[in-house]
Amino acid sequence: MTEELDLLGQDSDGDSEEVVLTPAELIDRLEQAWMNEKFAPELLENKSEIVECVMEQLDHMEENLRRAKKGDLKVSIHQMEMERIRFVLSSYLRCRLMKIEKFFPHVLEKEKTRPEGEPSSLSPEEFAFAQEYMVNTENYLKNVALKHMPPNLQKVDLLRAVPKPDLDSYVFLRVKERQENILVEPETDEQR
């Protein structure tokens, strides 16, 4: 568990650089991404590099456990740790899919209007899922309900019909390191 993993990062110029992480740092980043995604009201930027590295690390751990002695206590502890990591990973991915399903027209619209240099909030797989989900939802609505309505009501605008993420909802945060010169302005009546 002391080996280091390469994680592809982006610097401000858009150039790729490799960041070397230990498995513990990688798991910390996964847990941070999971908590951020879980408590954010909207879909955050995808962390596909972290997900891929964690999956590679889990495969590597499984190979090591197959070679280990069966009755060893370390094996059962490593298996429990692998299950914990799998839980965090699957919970992170489930949370992202839940948000995509809940806000699919808005997620796709945001992705279409995203500037070229800005990082995508969807992985290619998530984007394909969101598009397929939208097509299936439209087909279902047409086949089940809309075809039975009067002609002037047979169209539905999903952007208006599906609620947007509530960006004004309360979010709790924890500061991990000391920050200087941060000003939090008091609420005015217009902001309530």
Show your working on side-chain contact (heavy atoms from CB on, under 4.5 Å) between Met82 and Leu65 and close with a plain yes or no. CA-CA 10 Å; Met82 284 175 47; Leu65 286 179; 3.3 Å; yes

Any sub-3.5 Å donor-acceptor pair from [X]'s side-chain atoms to [Y]'s backbone N or O?
X     : Y      : answer
Glu25 : Thr22  : yes
His60 : Met55  : no
Arg96 : Glu126 : no
Lys99 : Glu42  : yes

For Cys53, which of Leu21, Leu58, Leu30, Leu26 qualifies under side chain to side chain contact (heavy atoms under 4.5 Å, CB included)?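 One option only clears the test, and that one is Leu26.
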
Take Glu45 and Ser120 through the test side chain to side chain donor-acceptor pair (under 3.5 Å) and record every step on the way to the result. CA-CA 6 Å; Glu45 177 185 336; Ser120 173; over 6 Å; no

Between [X] and [Y], which heavy-atom pair has the shortest distance, and what is it?
X      : Y      : answer
Val88  : Glu31  : CG1-CG, 4.1 Å
Glu101 : Tyr133 : O-CE2, 3.6 Å
Pro41  : Ser169 : CB-OG, 3.5 Å
Ala33  : Lys47  : CB-CG, 3.9 Å
Ile100 : Ala130 : CG2-CB, 3.7 Å
His148 : Val144 : CD2-O, 3.1 Å

Can you find a pair of side-chain heavy atoms, one from [X] and one from [Y], that are under 4.5 Å apart?
X     : Y     : answer
Leu43 : Glu37 : yes
Val75 : Gln79 : yes
Phe87 : Trp34 : yes

Can you tell me how far the [atom1] atom of [X] sits from the [atom2] atom of [Y], to the nearest 0.5 Å?
X      : Y      : atom1 : atom2 : value
Thr137 : Met134 : OG1   : CE    : 8.5 Å
His106 : Leu108 : NE2   : CG    : 10.5 Å
Leu122 : Glu111 : CG    : CD    : 4.5 Å
Lys155 : Lys142 : NZ    : NZ    : 9.0 Å
Met61  : Ile85  : CE    : CD1   : 5.0 Å

Could you state whether [X] and [Y] fall into the same hydrophobic cluster, counting links through intermediate Ile, Leu, Val, Met, Phe, Trp or Tyr residues with side-chain heavy atoms under 4.5 angstrom apart?
X      : Y      : result
Leu159 : Phe103 : no
Leu146 : Leu158 : yes
Phe127 : Leu44  : no
Leu93  : Phe39  : yes

Between Arg84 and Glu81, is the salt bridge (Lys or Arg N to Asp or Glu O under 4.0 Å) condition met? List the steps. CA-CA 5 Å; Arg84 185 187 74 81; Glu81 181 65 12; 2.8 Å; yes

Atom CD of Gln131 with >12 non-hydrogen neighbours under 6.0 angstrom: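 Counting neighbours around CD of Gln131, more than 12 heavy atoms of other residues, nucleotides or ligands fall under 6.0 Å, so yes.
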
Does Asn181 CG have over 12 foreign heavy atoms under 6.0 Å away?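 No, CG of Asn181 has 12 or fewer neighbouring heavy atoms, counting only those of other groups under 6.0 Å.
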
side-chain contact (heavy atoms from CB on, under 4.5 Å) evaluation trace for Tyr92 with Val51: CA-CA 9 Å; Tyr92 170 72; Val51 170; 3.7 Å; yes

List the steps, then state whether side-chain contact (heavy atoms from CB on, under 4.5 Å) holds for Asp28 with Gln32. CA-CA 6 Å; Asp28 285 343; Gln32 182 179 0; over 6 Å; no

